[in-house]
Amino acid sequence: MENEKILIFKGVTLHESDREILSNPSYISDEIIQFYFRYLMHTYEKDDILFVSPTVSFMLANSTDSEGIKHSAESLKLREKNLIFFTVNNTINNEEISTTTTDDKQEGTHWSLLVYYRPFHMFIHHDSIRGTNLSNAVHLCKIVKGFVSDDDDDDDLVILTRPAKIRKKNRQEFTAALDKVEDEAVLTDWLFTPQQENWYDCGLYVMKIAAVICEWYVTLSEGEKELKEGMGMWSDVMHDKVEKVYVENQMRADILEFVDLLMENADEEDLS
């Protein structure tokens, strides 16, 4: 059966298979994430926010063509952005992002979110199954950090990982470690990330977390964007606004309803 186009939204094409994904408990496709990212981009319309598509994020992380990586990264104008969203995928297929299932085992299908925040020269990794994609996030960081700033030393990356249990002593050690950082880029997973209860909603968490961070960012004054005190950043709003009950029980249906509404109002000629 042909996988028919059902919607073209701001240059992003969704197919019948994407609608099926939204109708059932299954892994979110890269097209759905790109659709949601494009929706956020047009919702907030901030020139200093960039959503890197899952396809481009994957290419940057996996391509062996250094000139191709350089061309793609420079075309994104990463150095002009304050807030940059990358997706991380632990795919084992180096040719494409695979979400196919074989014998009930998913091959490379866990999504997580990597966010670059320029005011702190920091990469924040949000993984709804903590630790699963950390090595993939580190790899992507080392590739892109020379394009987001003048930092092109592959070894010049400070990695601060979150312990399984957070204690006051841990927080003090984290703050002390940050104080020692000078010009190096930092990658951390310390900021709060809700942990999913199932094996298929990681893509929904990526989208919801991105939306909450965007909302947090656009409400900041210029002075607040530069403030380093506390280092909580968007952790508080993550606690308040990324609710497991909503993400795992309602968000998929809400996106599907939005897609159906757009389909009803779409021009049939746009799909030809």
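We count residues from 1, following the sequence as given. Remember, it's a predicted structure, so these values are computed and weren't measured experimentally.
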Mark yes when over 12 heavy atoms from residues, nucleotides or ligands other than [X] sit less than 6.0 Å from its [atom1]; otherwise mark no.
X: Glu257; atom1: CD; answer: no
X: Tyr39; atom1: OH; answer: no
X: Asp47; atom1: CG; answer: no

Does [X] use its side chain to pair, donor to acceptor, with the backbone of [Y] at less than 3.5 Å?
X: Asp18; Y: Leu14; answer: no
X: Glu248; Y: Glu197; answer: yes
X: Thr219; Y: Trp216; answer: yes
X: Gln195; Y: Arg130; answer: yes
X: Gln196; Y: Asn198; answer: yes

Checking side-chain polar atoms at under 3.5 Å, does [X] have a donor or acceptor matched by the opposite partner on [Y]?
X: Tyr217; Y: Asp48; answer: yes
X: His125; Y: Thr188; answer: no
X: Asp189; Y: Thr161; answer: no
X: Asn3; Y: Ser17; answer: yes
X: His110; Y: Asp127; answer: yes

Just verifying a value: how many Å separate [X] [atom1] and [Y] [atom2], rounded to the nearest 0.5 Å?
X: Ser26; Y: Tyr200; atom1: OG; atom2: OH; result: 9.0 Å
X: Ser29; Y: His15; atom1: OG; atom2: NE2; result: 10.0 Å
X: Asn82; Y: Leu220; atom1: CG; atom2: CG; result: 10.5 Å
X: Cys214; Y: Leu83; atom1: SG; atom2: CG; result: 6.0 Å
X: Asn133; Y: His126; atom1: CG; atom2: NE2; result: 13.5 Å
X: Ile124; Y: Leu187; atom1: CD1; atom2: CG; result: 8.5 Å

Does a salt bridge link [X] with [Y], judged by any charged N lying under 4.0 Å from a carboxylate O?
X: Lys145; Y: Asp156; result: no
X: Arg252; Y: Asp201; result: yes
X: Lys241; Y: Glu215; result: yes

Are the side chains of [X] and [Y] in touch, meaning some heavy atoms are under 4.5 Å apart?
X: Ile209; Y: Met238; result: yes
X: Trp111; Y: Thr87; result: yes
X: Leu140; Y: Phe123; result: no
X: Asn136; Y: Val138; result: no
X: Thr55; Y: Gln34; result: no
X: Tyr116; Y: Leu50; result: no
X: Met251; Y: Met207; result: yes
X: Leu114; Y: Cys141; result: yes

Check: Tyr117 ring centre within less than 6.0 Å of Trp234 ring centre | yes
State yes or no: are the ring centers of Phe51 and Phe85 separated by less than 6.0 Å?
-> yes
Any chance you could lay out the side chain to side chain contact (heavy atoms under 4.5 Å, CB included) test for Val56 and Leu60, step after step, and finish with the verdict?
-> CA-CA 6 Å; Val56 173; Leu60 292 172; 4.2 Å; yes
Between Ile129 and Tyr205, is there a shared hydrophobic cluster once you connect ILVMFWY residues whose side-chain heavy atoms come closer than 4.5 Å?
-> no
Considering all heavy atoms of both residues, which atom of [X] and which atom of [Y] are nearest to each other, and what is their separation?
X: Leu191; Y: Ser235; value: CG-OG, 3.4 Å
X: Val52; Y: Ser57; value: CG1-OG, 3.4 Å
X: Pro54; Y: Ile33; value: CG-CG2, 3.7 Å

Show your reasoning for whether side chain to side chain contact (heavy atoms under 4.5 Å, CB included) applies to Ile49 and Val218.
-> CA-CA 10 Å; Ile49 297 177; Val218 298; 4.3 Å; yes
Residue pair Lys5, Glu16: steps toward the side chain to side chain contact (heavy atoms under 4.5 Å, CB included) verdict | CA-CA 6 Å; Lys5 295 179 184 178; Glu16 183 60 40; over 6 Å; no
Where do Asn90 and Thr132 land on the side chain to side chain contact (heavy atoms under 4.5 Å, CB included) test, with the steps shown first?
-> CA-CA 8 Å; Asn90 67 341; Thr132 301; 4.1 Å; yes
Distance-only donor-acceptor hits, side chain of residues 66-78, under 3.5 Å, sequence neighbours excluded:
residue: Ser72; atom: OG; partner: Gly68; partner atom: O; Å: 3.1
residue: Ser75; atom: OG; partner: His71; partner atom: O; Å: 3.4
residue: Ser75; atom: OG; partner: Ser72; partner atom: O; Å: 2.7

Look at the rings of Phe9 and Phe258 and say which category their plane angle falls in: under 30° parallel, 30 to 60° tilted, over 60° perpendicular.
-> perpendicular
With sequence neighbours excluded, what pairs up with Asp254 under the salt bridge (Lys or Arg N to Asp or Glu O under 4.0 Å) test?
-> none
